[in-house]
2 protein chains.
Amino acid sequence: MTITQLHYVLAIAEHKNFTKAAEKCFVTQPTLSTQIQKLEEELDVLIFDRGKKPIELTEVGKKIVHQARNIVNESDRIQDIVDQQKGFIGGEFRLGIIPTVMPTLLPMFLKSFIKKYPKVKLKIEELTTEEIMQRIHEGHLDAGIAATPLENELIKERPLYYEPFVGYIPTDHRLAVKKKLEVSDLEIEDMLLLEDGHCFRDGVINLCKAFKDQNDEHFQLESGSIETLIKLSNEGLGMTLLPYLHTLDLNDTLKSNLHHFNEPSPAREVSLIYHKSELKIHIIEALHNSISGIIRGAIAFSNVQIISPILK
Amino acid sequence: MTITQLHYVLAIAEHKNFTKAAEKCFVTQPTLSTQIQKLEEELDVLIFDRGKKPIELTEVGKKIVHQARNIVNESDRIQDIVDQQKGFIGGEFRLGIIPTVMPTLLPMFLKSFIKKYPKVKLKIEELTTEEIMQRIHEGHLDAGIAATPLENELIKERPLYYEPFVGYIPTDHRLAVKKKLEVSDLEIEDMLLLEDGHCFRDGVINLCKAFKDQNDEHFQLESGSIETLIKLSNEGLGMTLLPYLHTLDLNDTLKSNLHHFNEPSPAREVSLIYHKSELKIHIIEALHNSISGIIRGAIAFSNVQIISPILK
DNA sequence: CATTAGTTATTAATTTAAGCTATAAAAATA
DNA sequence: TATTTTTATAGCTTAAATTAATAACTAATG
């Protein structure tokens, strides 16, 4: 059994196809066929069920794949140890960011980070929390930025900042007269929400339900972007909640519709999340330092109340 | 990097000598030299400091060895998974047993175990708790039987039985008149103890100190075996404590000197201990079932108080 | 039911790399 | 300094990984 063979097993398990897996491994398909055969012969057990189309894992195969992922991850850590020893911060680093954090956070830290760590090749993708967790676990992402806590055993969290919710309330809304909002003011019925899948949406729903148990069966309107939410709100279709960093980019007219919460302000915890094996931990730490350094100037709320990003 | 290379690294780290490590790996010394060189070149870091005699690990080398042990252990688990799937219980299994458990427990379960699992080649060694832990960690033992709890992060414990302490008190001893002992009766001054290194000795000392803080500077007499303790005691040199299973083998004359404790009787917890990676867990479970099945008939104490095997 | 597209397995040749023997070089010991 | 012990190097052999070409298989389609 070799680490290379385990790589092949993982690639095939992922693509359910020898030919595609071979491409990803930069070898020819017969190489995979023979290496898998050798491994299966050595273990004297079938890993893949070639009868099914597309190819499927056998029962042992699933367990072997799980263990193979462990081994491959652990073996990657050797290079990591060496890099750490040398103080080398570089190489490819794949980062996933949730949509409601991406447009505000990224411009803030990206420039200074790539300047400070020019050898790190950052590859950033916009993904949902679920996709980020999945890909971290499969080894396709080195880390993610998402709302926490996630309460996932395999994933570690490192809080970056606490971002308060801010009410966006058009002038004709019943709450427009209130200078400071209370959580108890919120009515889910006239709350504009993001589409399903956004954890910010789930946070808002949790917040509304936190105070009174509201019916969550149908919401008035949903949208895919926060910008659209603001426009819908301006049309008089309801109020909405925005993450604090989003409010910094609004023009003065729109800013006049912002209503902050009385403290403790409800807020989401935004964290760097990564696999518990702490692969590439030195880059993760560099990222953490960069981001929390930048953000310290932008967000200064001492008293917040964290809202879970997971629907309860 | 290959798993084979990691094996070589571990062997050299262990023997501090290429030639001896090569023997253990069943290859020639030049093979090790070249493979280690290749690995060091690939990682671009020195793992061994050949300047020192005997050879030493570099700082990164130590971390690499630690990680290599992880990887090798994890990769062994693949065969383990396959064996488990096939229901195969067999192969070599190395078990370490502490001296005060060995002579009483081994005869009880060994025969029935090898009859039930003829394909397991048991290799049993008598070792101290420290040696067992060390060797489990280094991969030289698959499991051990020792007094617990050990509070070691890397080692899992699975209690087999609770073995009460029994007082052995010669007729002319001040406590000989008491039918049932109390912990508070014990005086470390007239207690015969095993030599240093036996955890049963430590258990007895903890027990004596549990009730009153006694001076542990010098004991009257120490011995390497429980049989000798009994003889010394018969000579009027003091009383001693025996593990319950030992008392079953005594002849009637000696048995008349036994004094049990009032419940809850102080007892030691005897457990199967093994590496947290749960390598060969199916054999460990088979062992556990065999032993606890056998012992259930021999020890039936409901109310015991566990004494720590570690000196506090 | 033959055809085709898409897939995995097989074969034979090639390249790579692991391991061996013999020996040199270096270091420790006498 | 001579001797012993230990690691490194060189050259060779053998085993294994990989490739290109192609066969065999499967599922879908006309």
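Labels below follow one simple rule: chain letters A, B, ... track the order of the sequence lines, proteins then strands, and each chain is numbered from 1.
Contact annotation: B:Asn17 reaches the phosphate of D:dT6 (side-chain N/O to OP1 or OP2, under 4.0 Å). In this model, the phosphate group of D:dT7 is not approached by any side-chain N or O of B:Ser33 to a distance below 4.0 Å at OP1 or OP2. In this structure, A:Thr19 reaches the C:dT8 phosphate: one of its side-chain N or O atoms is under 4.0 Å from OP1 or OP2. Taking side-chain N and O atoms only, B:Arg50 has no distance below 4.0 Å to OP1 or OP2 of D:dT6.
As rounded to whole Å, 15 Å separates atom C1' of C:dT8 from atom CD of A:Glu23. If you take CD1 of A:Ile12 and P of C:dT7, they are 14 Å apart, rounded to a whole angstrom. Atom NE2 in B:His15 sits about 17 Å away from atom C1' in D:dT5, given to the nearest Å. Computed from coordinates, the A:Ile55 CD1 to C:dG6 P distance equals 17 Å when rounded to whole Å. Taking atom CD of residue A:Glu40 and atom P of nucleotide C:dT8, one finds them 13 Å apart after rounding to whole Å. Computed from coordinates, the A:Ile36 CD1 to D:dT18 C1' distance equals 14 Å when rounded to whole Å. Distance B:Tyr8 OH to D:dT7 P: 16 Å, rounded to the nearest Å. When the C1' atom of D:dT6 is taken as reference, atom CG of B:Asp49 falls 15 Å away, rounded to whole Å.
Sequence order on DNA chain D of the closest nucleotides to B:Pro30 and B:Lys20 puts B:Lys20 first from the 5' end. Both A:Thr31 and B:Thr34 lie near DNA chain D, and the one whose nearest nucleotide falls closer to the 5' end is B:Thr34.
B:Lys280 and B:Asp83 are not joined by a salt bridge, as no carboxylate oxygen comes within less than 4.0 angstrom of a charged side-chain nitrogen. The pair B:Glu40-B:Arg50 meets the salt-bridge criterion, with a side-chain N (NZ, NE, NH1 or NH2) lying under 4.0 Å from an Asp/Glu carboxylate O. Using a cut-off of 4.0 Å between Lys/Arg side-chain N and Asp/Glu carboxylate O, A:Arg158 and A:Glu285 are scored as salt-bridged. A salt bridge does not link B:Lys16 with B:Glu56: every distance from a Lys NZ or Arg NE/NH1/NH2 to an Asp or Glu carboxylate oxygen is 4.0 Å or more.
Among the duplex regions that DNA chain D forms, those built from at least three successive Watson-Crick or G-U pairs under 3.5 Å are C:1-30 with D:1-30, ordered by first number.
Using the six-membered ring where Trp is involved, B:His275 and B:His137 have ring planes that are parallel, under 30° apart on the 30 and 60° scheme. Below 30°, between 30° and 60°, or above 60°: for B:Phe113 and B:Phe109 the angle between ring planes is above 60°, a perpendicular geometry.
Nucleic acid contact for B:Gln29: base, since at least one base atom lies under 4.0 Å from a heavy atom of the residue. Residue A:Phe48 is classed as having no contact, given no heavy-atom separation below 4.0 Å to the nucleic acid.
Panel note: side chain B:Arg201, backbone B:Leu194; a donor-acceptor pair is recorded below 3.5 Å.
Closest contact between the side chain of A:Phe18 and the listed nucleotides D:dT18, D:dT7, C:dA9 involves C:dA9.
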